[in-house]
Amino acid sequence: MDHSKLERMLRIIILLTSNRQYSIEDIAKRISVTPRTVYRYIETIKEVGFLVKKHNEKYYYIDRNSNYFKDISDLVHFSAEESLLLRHAIDNIDENTQIKQNLKKKLYTIYDYRILPEIVIHKGMAGNVSELMNAINEKKQVRLLEYRSSHSSQVTDRLVEPFEFTTNFVQVWCYEPATGINKLFRLSRIQCVEKKESSWQYEPQHSASNIDLFRISTTQRMPIHLRLGIKSANLLREEFPLSEKELQQEDTDHWILKTEVCSYDGVGRFVMGLLDDIEIIDSPGLVHYLKEKIKLCSKNLI
């Protein structure tokens with residue numbers, strides 16, 4: 001048995017020893033093979049001693065009385081407490097965010113997202129992440145149904161070619177044929193993902209740009225220099241974990257944030273909510289941005 005077949009076999013065993021049952025079509029979709037191939041794998045699994053059973057003549061699972069069941073289940077599945085601990089352990093990796101992202105992707109690939117939702121993604125987004133990941137693996141276009149755009153303040157359907165997730169599956173990079181632009185789409189703003197039969201048509205144009213610590217992406221880079229109090233420094237670390245490596249403690253009550261941003265939008269929203277705890281140092285562009293925003297707010301209040 002070659003490497004790819006063995007990998008698929010192991011993935012089927014992991015799926016069927018979980019606390020969930022799968023149809024042949026479900027399994028075929030998850031491991032990217034035909035239903036007929038899944039039937040052959042299941043027959044092989046039976047031959048080596050596993051008791052594969054069906055529920056309602058459709059959904060397959062491995063009986064707990066099978067040989068090796070307990071050993072496999074103990075090795076590859078996690079309790080709720082173990083899942084939470086593992087999630088916290090991964091989230092505490094801050095030296096190399098790409099390693100963290102790759103680790104989560106590997107866990108997602110191996111395990112059913114309904115078993116470990118807290119490790120990989122927020123609850124309620126598992127189905128959309130699954131469809132996007134399948135589309136990326138199969139190089140398919142998708143339609144993001146009822147996407148709520150903050151930029152245009154509109155709810156529209158968007159035909160895109162997804163090609164890369166950002167750290168922690170917060171956003172997904174997509175090429176949008178209608179605009180000819182690579183864009184970031186926030187997963188929490190997607191109502192539903194519809195995978196299309198059409199394959200990618202613009203793969204050479206796929207390109208992920210830089211993202212600043214406030215999760216804004218543009219080709220611009222603008223310097224900012226801030227002095228933060230305890231409250232604002234704590235909130236910054238909690239809401240934007242990547243800021244940890246940019247913060248320098250000045251004294252017991254203050255931290256310095258000196259970095260570059262892609263836009264003043266992200267940092268501007270953060271600063272405006274904490275004006276009494278943040279001092280802007282030598283950042284004239286940010287000062288001008290905030291003055292214009294405050295001026296606009298004042299007009300709206302009149």
Side-chain angles (χ1 to χ4, degrees), residues 2-5 7-8 11 25-35 37-38 96-113 120-122 125-152 154-221 242 262-263:
D2 63 32
H3 179 272
S4 60
K5 289 182 179 179
E7 180 185 4
R8 295 189 195 108
R11 289 180 66 186
E25 291 73 21
D26 289 336
I27 299 171
K29 184 176 181 180
R30 287 192 65 82
I31 67 172
S32 302
V33 297
T34 65
T37 300
V38 174
N96 191 326
T97 58
Q98 188 61 47
I99 289 178
K100 182 194 293 186
Q101 183 177 359
N102 290 342
L103 178 56
K104 287 195 173 186
K105 286 182 179 179
K106 287 179 180 179
L107 284 170
Y108 184 89
T109 299
I110 296 172
Y111 300 108
D112 179 22
Y113 62 84
V120 185
I121 49 179
H122 296 295
M125 297 194 299
N128 286 345
V129 171
S130 177
E131 284 299 298
L132 287 166
M133 184 163 282
N134 286 335
I136 291 172
N137 290 337
E138 298 170 18
K139 296 188 175 183
K140 296 289 187 180
Q141 293 183 334
V142 302
R143 192 174 296 279
L144 307 180
L145 301 180
E146 298 183 32
Y147 183 77
R148 303 180 296 278
S149 172
S150 295
H151 181 71
S152 64
Q154 293 181 338
V155 179
T156 56
D157 295 346
R158 314 284 283 271
L159 179 69
V160 298
E161 296 182 357
F163 57 88
E164 184 178 318
F165 287 101
T166 63
T167 303
N168 296 342
F169 292 84
V170 173
Q171 298 164 297
V172 60
W173 277 107
C174 301
Y175 179 83
E176 188 174 43
T179 58
I181 299 173
N182 291 294
K183 298 181 178 181
L184 274 175
F185 292 89
R186 187 173 290 272
L187 270 73
S188 61
R189 297 174 186 166
I190 303 171
Q191 180 65 30
C192 186
V193 176
E194 178 184 86
K195 189 174 70 172
K196 311 296 288 184
E197 291 299 320
S198 51
S199 299
W200 288 349
Q201 299 177 27
Y202 304 93
E203 185 172 0
Q205 280 74 50
H206 294 182
S207 177
S209 302
N210 290 325
I211 304 175
D212 66 25
L213 63 88
F214 295 95
R215 305 188 186 112
I216 302 293
S217 174
T218 69
T219 56
Q220 303 178 83
R221 305 296 291 178
L242 295 181
C262 295
S263 164

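- Taking a cutoff of 4.0 Å between a charged side-chain nitrogen and a carboxylate oxygen, Lys196 and Glu194 qualify as a salt bridge.
- Taking both residues in full, the closest heavy atoms of Phe165 and Leu187 are given as CE2-CD2, 4.2 Å, listed atom of the first, atom of the second, then distance.
- Checking side-chain atoms of Glu161 against main-chain N and O of Tyr202 turns up a donor-acceptor pair under 3.5 Å.
- Side-chain contact check for Ile181 versus Glu176: every heavy-atom pair is 4.5 Å or farther apart.
- Using cut-offs of 30° and 60° on the angle between ring planes, the pair Phe163 and Trp173 is parallel.
- Arg30 places no side-chain N or O within 3.5 Å of a backbone atom of Arg11 that could act as its donor or acceptor partner.
- Put simply, the side chain of Asn182 gets close to the backbone of Gln205: a donor and an acceptor are under 3.5 Å apart.
- When each of Asn128, Leu159, Ile190 is tested with Leu144 by the rule side chain to side chain contact (heavy atoms under 4.5 Å, CB included), just one qualifies, namely Ile190.
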Show your reasoning for whether side chain to side chain contact (heavy atoms under 4.5 Å, CB included) applies to Ser149 and Arg158.
CA-CA 10 Å; Ser149 172; Arg158 314 284 283 271; 4.1 Å; yes
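- Rounding to the nearest 0.5 Å places NE2 of His206 at 11.5 Å from CD of Glu164.
- From Ser263, atom OG reaches atom CZ of Arg221 across 11.5 Å, with rounding to the nearest 0.5 Å.
- Note: Thr34 OG1 to Lys29 NZ = 15.5 Å, rounded to the nearest 0.5 Å.
- The line from OG of Ser32 to CZ of Arg8 is 8.0 Å long, rounded to the nearest 0.5 Å.
- Nearest heavy-atom pair, Arg148 versus Ser188, reported as atom, atom and distance to 0.1 Å: NH2-O, 2.5 Å.
- Minimum heavy-atom separation, Pro162 to Val172: CB-CG2, 4.1 Å.
- Using a cut-off of 4.0 Å between Lys/Arg side-chain N and Asp/Glu carboxylate O, Glu131 and Lys140 are scored as not salt-bridged.
- Interatomic distance, CD1 of Ile31 versus CG of Asp26, reported as 11.5 Å (0.5 Å rounding).
- The CG atom of Asp157 sits 10.5 Å away from atom CD of Gln191, with the distance rounded to the nearest 0.5 Å.
- Ring geometry, Tyr147 versus Phe185: the interplanar angle exceeds 60°, so the pair is classed perpendicular (tilted spans 30 to 60°).
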